[in-house]
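Written below as structure tokens is the structure these notes are about.
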Amino acid sequence: MSLKEQIDLTKLPKHVAIIMDGNGRWAKKRMLPRIIGHTNGVKTVKKIVEFARKLNIQVLTLYAFSTENWQRPKDEVSGIMTLLKTYLKSELENMIENQISFRVSGDISRMSEDIQAELKEAVDKTKDMKSLVLNLALNYGSRQEILMACRDLMSKGITNPTEQDFSDCLYTKGLPDPDLLIRTSGEMRISNFLLWQIAYTEIYVTDVLWPDFNEDEFCKAIIDYQKRDRRFGKV
Ligand code: FPP
């Protein structure tokens, strides 16, 4: 039986979030510049988005750029931005064709004007799409998001917010919380990602580097997830 056939389609995670780590190590192992690792990382993004849609996953959140990533060498940052721009240009048509709804989590005001325009166009043109929600975390940091939500609540005069009020002030407003968080490349940490949203999320860490991650590795994560006993704090 193939790995895909081992997945219980009645118990799929609704929302899968991924920390796509290891592009740099993948390149280093091959004595290639880091940006080649990111270029191959984008190829994995395309494959996994397509596979998640075919599996009928509802939401896929990908951590593409953190608030801390600006501290990387200038040419690496600009290389990632160029990859992002090329990705948006080449994938918009494909998203529309496949009913993929594109969203962004993060403060995009720090990105260049042309990338902001591309992002807004993609969000706008796909907002009514009905298959997978592809939520790209860009210039995203969870602490920044939580502070933003606090300021937002204060400005609305909400002094005693409910959990729902709080969730509604996050970038992920309206999305279910992730059921499964995958981190590639072996590191056992959360790295300021979706701290509020992952309260009850199952975490899966694989040693596979992001450019080597593929459909089978994604299946393994889902199969592992389906073996977990999710109690949400109950017995
Ligand atoms: C982690 O690898 C990866 C990133 C910080 C960026 C992820 C970016 C992409 C996959 C490309 C941009 C995405 C899109 C959708 C256009 P790392 O560099 O931290 O790897 P390392 O820990 O091995 O150095």
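Each ligand, and each atom within it, is numbered from 1 in the order the structure gives.
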Please verify whether a non-hydrogen atom of [X] lies at under 4.0 Å from ligand 1.
X: Glu187; value: no
X: Lys28; value: no
X: Ala64; value: yes

Should one rank [options] by closest heavy-atom distance to [atom], which comes out on top?
atom: atom 20 (O) of ligand 1; options: Ser66, Gly79, Gly24; answer: Gly24
atom: atom 2 (O) of ligand 1; options: Asn23, Thr82, Val49; answer: Asn23
atom: atom 11 (C) of ligand 1; options: Val42, Leu136, Asp21, Ile35; answer: Val42
atom: atom 4 (C) of ligand 1; options: Arg25, Arg34, His38; answer: His38
atom: atom 15 (C) of ligand 1; options: Ile19, Thr44, Val45; answer: Val45

Give the residue, atom name and distance (to 0.1 Å) of the protein heavy atom nearest atom 1 (C) of ligand 1.
->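 Of every protein heavy atom, Met20 O, 3.1 Å lies nearest to atom 1 (C) of ligand 1.
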Report the nearest protein non-hydrogen atom to atom 5 (C) of ligand 1: residue, atom name, distance rounded to 0.1 Å.
->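 The answer is Asn69 OD1, 3.6 Å.
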In terms of side-chain geometry, is the basic nitrogen of [X] or [Y] positioned less than 4.0 Å from the acidic oxygen of its partner?
X: Glu50; Y: Lys47; result: no
X: Asp152; Y: Lys156; result: yes
X: Asp229; Y: Arg231; result: yes
X: Asp107; Y: Arg110; result: no
X: Lys85; Y: Glu118; result: no

Nearest heavy atoms of Val77 and Arg72, plus distance in Å |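 Residues Val77 and Arg72, closest heavy atoms: CG2-O, 3.7 Å.
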List every atom of ligand 1 that sits less than 4.0 Å from any heavy atom of Leu84, numbering the atoms from 1 in the order shown and giving each element.
->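 So the answer, numbered in order with elements, is 16 (C).
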Classify the contact between Arg72 and ligand 1 as side chain, backbone, both or neither, using a heavy-atom distance cut-off of under 4.0 Å.
->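 Looking at Arg72 and ligand 1, just side chain atoms fall under 4.0 Å.
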Using a 4.0 Å heavy-atom threshold (strictly under), name the region of Leu62 that reaches ligand 1: side chain, backbone, both or neither.
->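 It is neither; nothing of Leu62 touches ligand 1.
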Can you pull the salt bridge (Lys or Arg N to Asp or Glu O under 4.0 Å) pairs that have at least one residue in residues 190-203, sequence neighbours excluded?
->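 Every pair satisfying salt bridge (Lys or Arg N to Asp or Glu O under 4.0 Å) with a residue in residues 190-203: Glu202-Arg228, Glu202-Arg230.
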Side-chain donor-acceptor contact under 3.5 Å, Trp26 with Asp212 =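 There is such a pair (donor and acceptor under 3.5 Å, judged by atom type) between the side chains of Trp26 and Asp212.
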Going through the distances and angles, do Lys54 and Glu215 end up as a salt bridge (charged side-chain N to carboxylate O under 4.0 Å, His left out)?
-> CA-CA 11 Å; Lys54 284 195 177 143; Glu215 285 89 343; over 6 Å; no
